[in-house]
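Input: a single structure, listed below in structure tokens.
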Number of protein chains: 2
Amino acid sequence: MSPAAAEPLTPERILETTEEVLRRYGPAKATVVDVARALGVSHGSVYRHFPSKAALREAVTQRWLGKTVGRLEEIASDGAGSAPSKLEAWLEALFDAKRHKAGDDPELFATYTVLLAENSGVVESHLAELVEQLGRIIAEGVEAGSLDVPDVPAAARAVFDATGRFHDPQYAAEWTSPTITREFEAVTSLVIRGLRA
Amino acid sequence: MSPAAAEPLTPERILETTEEVLRRYGPAKATVVDVARALGVSHGSVYRHFPSKAALREAVTQRWLGKTVGRLEEIASDGAGSAPSKLEAWLEALFDAKRHKAGDDPELFATYTVLLAENSGVVESHLAELVEQLGRIIAEGVEAGSLDVPDVPAAARAVFDATGRFHDPQYAAEWTSPTITREFEAVTSLVIRGLRA
DNA sequence: CGGGTGACAGATTTCAATATCTGTCACCCG
DNA sequence: CGGGTGACAGATATTGAAATCTGTCACCCG
């Protein structure tokens, strides 16, 4: 009895529509009823596929975080290049990805920043995955003799922490500063220098 | 016509009482009327000494930030000790000061975190002062040959940025983690190693 | 019988009225 | 006449009643 009731109702379609609704109404006003309305079903149906609004939002968050990881994974597992240059490329790719997400559609970025704050568990495992990638690059550098660190996982974590200003969404407002690139390079080169053999 | 109308009304007394009121009611509910009531005067009198509520809160903020600087300045201008060890001591003193402020009275700390967000101008010049202190230590190290950096102010800024997780109040919640000290040491030693000759 | 429905209870949000606060100013007092 | 007062006009915050939302469930349909 509504515009789009043709396709079968899958978790996938619900997630897509939820993103759409979040984009349109923002995190504060997007409701499960809105999502159901956009799908042309009753809100009870949405609860067949997701146990709660929180779970639905968590799934959307996970999806969004997943998009960045692919590109970074490529760099981390790329056979060519020295560890220091891979490290630099990886950190720059992370910063670029975040900066573009924030700059291209600030409202949507603000929406996801709210979702991130709501879903600290999802964020935590996402961060762990990124630190693990960093660890693999550093381990490779230690193997090859270009880097020298006593404790690879700790160093990976330290590199990630030290560059927080350039990937933590809480700092997004500063990413439009004209000097931010210079600052990024200063921190990055300082940190990489600190890892060198 | 009120409890404490003996002393003359000075900016100093107003500031003290404002701190008191902020401590009691929090940043959202502390009003100029509350401050005046606590002082036993009309709120019009408070406006004789401060042009606006914002200016009053700004002055309180500045006062609070000033308290940390003294101890750090001591370390920065201490004649004895090598630059790297002074750097480490300075960073640790900064972290300790923040961590204690946050841990000893979390509510008051939250109050000041709100004030900090309101008064970005005050914060900016406070941060500039801290970075300047770092710069003096680093310059000393370069002079003495223990450190080697191409651009001292940029390096000072980079050190400050890289250690943000351990002084930016936005991360205060993480300062109670049992692993935070280890993480602090990892970042600090990484950064100092990056500055070494 | 897997998947959808819509009525329902309790929790949460919205909205408009009411109250309080900010900032000004003419006036007052020692 | 420097410093304090309190009444006042917006601006902002509080409050409580009404509307909406979340999550459940008995029922229904192919």
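Numbers restart at 1 for each chain; the letters A, B, ... are given by sequence-line order, proteins then strands. Computed over heavy atoms, backbone and side chain alike; hydrogens, waters and symmetry mates excluded. Owing to the predicted nature of the structure, the values given are computational and were not obtained by experimental measurement.
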Q) Within less than 4.0 Å of OP1 or OP2 of C:dG3, is there a side-chain N or O belonging to A:H49? A) no

Contacts of A:T188 meeting side-chain hydrogen bond (donor to acceptor under 3.5 Å, both in side chains) (sequence neighbours excluded), chain-then-number -> none

Q) So, A:S52 side chain and A:A55 main chain: donor-acceptor pair closer than 3.5 Å or not? A) yes

From CD1 of A:I14 across to P of C:dG3 the rounded distance in Å is 11 Å

### Query
Side chains of B:S189 and B:E185: is there a donor and an acceptor less than 3.5 Å apart?
no

Residues at least two apart in sequence or cross-chain that pass ring-ring contact (aromatic ring centres under 6.0 Å, His included) with A:F109, listed by chain then number, are none

Sorted by chain and residue number, the side-chain hydrogen bond (donor to acceptor under 3.5 Å, both in side chains) partners of B:D96 (sequence neighbours excluded) come out as B:R99

Under 3.5 Å, which protein N or O atoms sit close to an N or O of nucleotides 21-26 of chain D? Give each pair with its distance.
from	atom 1	to	atom 2	distance (Å)
D:dT22	OP1	A:V32	N	3.2
D:dT22	OP1	A:K53	NZ	3.2
D:dT22	OP2	A:V32	N	3.0
D:dT22	OP2	A:V33	N	3.3
D:dG23	OP2	A:Y47	OH	2.9
D:dG23	OP2	A:K53	N	2.6
D:dG23	N7	A:H43	NE2	3.2
D:dG23	O6	A:H43	NE2	2.9

What do you reckon, is CD of A:E118 surrounded by more than 12 foreign heavy atoms closer than 6.0 Å?
yes

Discussion item. Counting only heavy atoms not in B:E88 (residues, nucleotides, ligands), do more than 12 fall under 6.0 Å from its CD?
Written reply: no

Below 3.5 Å between N/O atoms, which protein atoms pair up with nucleotides 11-13 of chain C? Just atom names and distances, please.
none

note: A:F50, atom CZ; C:dG3, atom C1'; distance rounded to Å ~ 15 Å

CD (B:E140) and CG (B:D78) are apart, to the nearest 0.5 Å, by 8.5 Å

OG1 (B:T10) and CG (B:L15) are apart, to the nearest 0.5 Å, by 8.5 Å

Stems with DNA chain D, 3 or more Watson-Crick or G-U pairs in a row (under 3.5 Å), are C:1-30 with D:1-30

Please determine whether a side-chain nitrogen of the Lys or Arg among B:E74 and B:R71 lies less than 4.0 Å from a carboxylate oxygen of the Asp or Glu. yes

For C:dG4 and A:S42 - does any side-chain N or O of the residue sit under 4.0 Å from the phosphate oxygens OP1/OP2? no

Notebook entry, point to check: More than 12 foreign heavy atoms under 6.0 Å from NZ of A:K29: is that the case here?
Noted result: no

Phosphate-side-chain proximity, A:S45 and C:dT5, N/O vs OP1/OP2 below 4.0 Å
yes

